[in-house]
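All values reported here derive from a predicted model rather than from experimental measurement.
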Amino acid sequence: MGGLTIALAVVAAGLAVLLLVWRRRVKRMTAQIEEFLSKGARPLSYSIREDIFAPLHNAVSELETKLLLTREQLAEESQRVSAMTTDISHQLKTPLSSLRLFCELDDGPHLTGQLSQIERMEKLIYSLLRLERLCADGYSFTFAEHDAADIIKQAWSSLSGLYPGREMTITGSVVVRCDEKWLGEAFLNLLKNACEHTPPDSRITVTLEQTDTTFHCTVEDNGGGVPDKDLRHLFERFYRAEGASQEGTGIGLAIVREVIRRHHGDIRAENTGSGLRMRISMPRMRLSEHA
């Protein structure tokens, strides 16, 4: 019995040492993966060890190498699309400016309507090119901590004069790590969409909440909502819900979705008893995280 006890003790000690070694290797691998994902560290080198841990190590190495290649390809494509959109924007501005000038010189009976359509075309082209460049990761996002309520109030201050009679209230105050400029534009488009689909005496309610890991925001109006069949299409470019105004470009909500995605979040639309509710959810990123 004494020999068996000693043997079992030796085996137990060996297993404990082996487990400790594996735990250390897993911990080192986890740290390396985090460095690779968040800071662009080099992929794991290939392991030539003859142990049970080597296949997992090499699978992670191969996965990181493929991901790095995909990153490089996406970066090249992003640069190409960004350059293309800049070129298209430049090429379109000249003929549109000339067309505007000719219309003004002619001063015909339809001058007002012609200039209005030219202006609408300019806005549409500008918005579409910005969306395409945003989708192609052509803009740099600068993340810092900001009060979400302040961003929303600033967005509303530039809209309230254009939509008299409407009121906006904010409940809650949450500090989020975000790009202030782009998140502000997202809220601007959300509030503008709410104003366009509500009567002058309507109220827009914004609610800010947070958990340990997530920031939640809802933008709710009392404009009657949209048909259920339109809900899942609202964030598609050029899509117009039944009865929607024809004044907009049909790009604003698509830009909102892309901005929220760049913040690693999600946005959904739902009807309430009195109107439409836009619900945003974004992770509360740590200081070391960035897009």
Would you list the pairs meeting salt bridge (Lys or Arg N to Asp or Glu O under 4.0 Å) in which at least one residue belongs to residues 197-209, sequence neighbours left out?
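For residues 197-209: Glu167-Arg203.
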Check: [X] side chain, [Y] main-chain N or O, donor-acceptor pair, under 3.5 Å:
X	Y	value
His263	Asp179	yes
Arg166	Thr198	yes
Gln32	Arg42	yes
Ser61	His57	no

For Arg268, does the CZ atom sit with more than 12 other heavy atoms under 6.0 Å from it, leaving out its own atoms?
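No.
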Should we count NZ of Lys66 as having more than 12 external heavy atoms under 6.0 Å?
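At most 12 heavy atoms, drawn from other residues, nucleotides or ligands, come within 6.0 Å of this atom.
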I would like to know whether Leu234 and Asn193 meet side chain to side chain contact (heavy atoms under 4.5 Å, CB included); could you show each step before the answer?
CA-CA 11 Å; Leu234 289 180; Asn193 181 77; over 6 Å; no
Checking Asp106 against Leu111 for the side chain to side chain contact (heavy atoms under 4.5 Å, CB included) test, could you report, in this order, the C-alpha distance in whole Å, the side-chain angles of both residues, the deciding distance, and whether it holds?
CA-CA 8 Å; Asp106 288 342; Leu111 176 61; over 6 Å; no
Evaluate the side-chain proximity of His197 to Leu276: yes if any heavy-atom separation is below 4.5 Å, no if none is.
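Sidechains of His197 and Leu276: no contact.
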For Asn189 versus Gly252, what's the shortest heavy-atom pair and its separation?
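Scanning both residues completely, I find the closest heavy atoms to be ND2-O, 3.6 Å.
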Return each pair, listed once, that meets side chain to side chain donor-acceptor pair (under 3.5 Å) where at least one residue sits in residues 147-156; pairs must be two or more places apart or across chains.
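Passing the test, one end in residues 147-156: Asp147-Ser173.
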Could you walk me through whether Phe235 and Met278 pass the side chain to side chain contact (heavy atoms under 4.5 Å, CB included) test, one step at a time?
CA-CA 11 Å; Phe235 301 100; Met278 300 289 190; 3.6 Å; yes
Going hydrophobic residue to hydrophobic residue with side-chain gaps under 4.5 angstrom, can you get from Leu63 over to Ile33?
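No; tracing contacts between hydrophobic side chains, which count when under 4.5 Å, never links both residues.
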Between Glu196 and Lys192, is the side chain to side chain contact (heavy atoms under 4.5 Å, CB included) condition met? List the steps.
CA-CA 6 Å; Glu196 290 176 344; Lys192 183 173 183 291; 2.5 Å; yes
Pair Glu258 + Arg262: basic N to acidic O under 4.0 Å:
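Result for this pair is no, no salt bridge flagged.
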